[in-house]
Amino acid sequence: MTTLKEDYVASIADMDEDKALEITQQLIDAGEAPMEILGLCRSAMEIVGQRFEQEEYFLPELMMAGDILEQIGALVRPLMDANSEGSGQTVHGTVLIGTVHGDLHDIGKNIVTFMLELNGFKVIDLGIDVSTKAFLDAIAANKPDIVGLSGFLTLAFDAMKETLDAFDDAGIRNNFKVMIGGGQVDDQILKFTGADAFGINAMEAVNLCRKWTGVAA
Amino acid sequence: MSRAGIADPEALAQERIKRINDTQALIETDRVPFIYSTRFWAAKMAGVTFEQQMYDLELAARITEQALDLLQPDGYSPFSLQTWGPTLEALDFRPMKWPGHGCDPNVSFQYLDKEYMSAKEYDEFLDDPTRFNLTKYLPRIAGAFEGIEHMPDFASASEFRFLAAMRGFANPEFRKSMQALMEAGEKAEAAIMLSGRFTARMRAKGMPAIAGGFCKSPFDHIADFLRGSKGAMLDMFRNRDKLLESIDKSQILLTRGVVAEAKASAERTGNPVANVFIPLHWGLDGFMSPDQFKTFYWPGLRKTLIELIEAGVTPTVLWEGNCTSRLELIGDIPKGKAVYAFEQTDLARAKAVLGGVVCLRGNVPASLLVTAGAAEVEEYCKNLIQTVGKGGGFILDGSASIPDESPVENVVAMVESVRRYGN
């Protein structure tokens, strides 16, 4: 017989939204610690991540899982005190990510961000149409381990190269790894831009970050 | 016979049209054809801004003519004129940013992925899509439509209530909208008239337009223009039945009028075959599962393709991204009646699965066209022509047309390759 907590993890991982929210409320009413509830959510999201990696789940499931998590967060967060927030999860490294200047697309970047957070990385998302200067300022302020440049359109090839050239010019290129990704990015663009690696989907981005930060898969 | 061997422009145009139409119908031709299609490569080549091309109609025609004169393709898509700037501006169109209007003057237009219809509005949309469009949807996506919500509700008016309903036409906001829409209409008319003059002028030089119409896949319409991609994906779980019902409804609405428009357009350009371009956005591998594709995407798209084919129109479907896992399923349409352009799907694999069913088009990678040298582009094209082009049924193209940033010599190398290796 499964316990309520096992049911809870399964309901989130299986996209059973109503059940997940119902059990959240039951756990809150039973006085369960907010951090314990979020810990169970994390376990569920690990299953979601694994299923995505195994191509059992796709973007709709990631969107849905993310939305369920947001709703749970809205119920649980008001119960947390200042000391408990943000604790309890190991951070493997910091990833600074953004869509390069000129390009307004963000779905790929958002999925990568979501999957990286799910896998224990702190992600600073600079949004879309990010200027070279904005990248440089954010790097100076946050000292990331990895910088991710995203772009969907062909104009992003030049924009990625300009951004990487600016890292060189600023003498900071060796302070972090750079990964690139987006619709048309391939080996050719990797060579053209001088980035360290490219990924064709969110799991490849996660695996690159794991490799670079020495985290076992 | 080579193009140089034909002095009569009309004979040259007929030769080119036959080469393309036969290829599309899977009849082997003298060589692989190339069709010119791009967003703003002509502007880049001519040294004018994308914004100038979008707004200055005569300039757009001049630079496109220069590109066609230089490349001498077998045909071209008149969509490549890209002269919608004045119409977009007059509409105050919000789902898109374009050169000089939210984008840098030299950055291509881009759609914004947003929710324009809430999940709660499905019933309203399904009950009366026209009313929903007039009162809710259109005012959200374009400023010029904001006063249209005051238009009388004709379906509800009867007898004396019908007369009283006419009051809506006196509403100042409605009248302001009508003025704005009349202006948008004039801009659209000017763009279409320019296209007509341009195709006639190019035809007189032996260069045929590969024209027709435009249509959307039902799921993409809902994801792109109604619910936003996130909304549409969440609806797969939360509002499955409403989503499926809306896909069915949209399929009917989206194809209405397309056949007549496409045939009229092809007739104006003197091509016996009308082509309808259908670019796809959300059905690719990695975005949705095979089951989701079978449930939410393919049935509506297939119905559209079948309807167009049965009406004698040739759909040209651009399968964005990698669609390898979809190949077996999407071959379930009549043979020799459609073109599938693939962006990243391996064309050799596509040929093996779909070769006897559809004409393939593509797919010289954008990365190569933009950043490699002409020799590498030529080598890549040669390989595509000799493998995918073997036996016919293949049109060479960029992976998603000609990228704006491609150096001239790379595009010339691509087009020349069909003459060098295409037979």
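Here the structure is a predicted model, which is why all the values come from computation and not from measurement. Every chain is numbered from 1, with letters handed out A, B, ... down the list of sequences.
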**Study point:** Check against side chain to side chain contact (heavy atoms under 4.5 Å, CB included), B/Phe237 and A/Glu61
**Key:** CA-CA 9 Å; B/Phe237 303 96; A/Glu61 285 81 7; 3.9 Å; yes
Review point. Is it the side chain or the backbone of B/Ser399 that comes within 4.5 Å of chain A heavy atoms, both, or neither?
Key: side chain
Drop me the distance from [X]'s [atom1] to [Y]'s [atom2], to the nearest 0.5 angstrom.
X        : Y        : atom1 : atom2 : result
B/Trp282 : A/Leu59  : CH2   : CG    : 7.5 Å
A/Asp106 : B/Asp113 : CG    : CG    : 7.0 Å
B/Thr371 : A/Ile189 : OG1   : CD1   : 4.0 Å

What part of [X] lies closer than 4.5 angstrom to a heavy atom of chain B: side chain, backbone, both or neither?
X        : result
A/Met15  : side chain
A/His101 : neither
A/Tyr57  : neither
A/Asn201 : neither

**Study point:** Flag if over 12 foreign heavy atoms under 6.0 Å of CD, B/Glu409
**Key:** yes
**Study point:** Side chains of B/Glu405 and A/Leu155 in contact at under 4.5 Å (non-hydrogen atoms)
**Key:** yes
Review point. Are side-chain heavy atoms of A/Met64 and B/Arg238 found at a separation under 4.5 Å?
Key: yes
Exercise for review: Could you give me the CA-CA distance, side-chain angles and deciding distance for A/Ile107 and B/Lys230, then say whether side chain to side chain contact (heavy atoms under 4.5 Å, CB included) is met?
Suggested key: CA-CA 9 Å; A/Ile107 188 160; B/Lys230 183 179 177 185; over 6 Å; no
Review point. Is B/Lys97 salt-bridged to A/Asp129, cutoff N-O under 4.0 Å?
Key: no
**Study point:** Name of the residue among B/Val370, B/Leu368, B/Leu369 meeting side chain to side chain contact (heavy atoms under 4.5 Å, CB included) with A/Gln188
**Key:** B/Leu368
Revision key, fill the gap. Assert top hit (heavy-atom pairs under 4.5 Å, partner chain B, pool A/Asp67, A/Asp18, A/Asp186) equals A/Asp67
Point to revise | Intermediate values then yes/no, side chain to side chain contact (heavy atoms under 4.5 Å, CB included), B/Arg39 and A/Leu153 | key: CA-CA 12 Å; B/Arg39 284 182 167 192; A/Leu153 300 173; 4.3 Å; yes
Study note, to complete from the structure: Heaviest contributor of heavy-atom pairs below 4.5 Å to chain A, chosen from B/Met236, B/Gln292, B/Glu376, is B/Gln292
Closest contact, heavy atoms only, [X] versus [Y]:
X        : Y        : answer
B/Met233 : A/Pro60  : SD-N, 3.7 Å
B/Val107 : A/Gly102 : CG1-O, 3.4 Å
A/Phe58  : B/Phe287 : CB-O, 3.5 Å

Exercise for review: Examine the side chains of A/Gln184 and B/Ser367 and answer whether a donor and an acceptor come within less than 3.5 Å of each other.
Suggested key: no
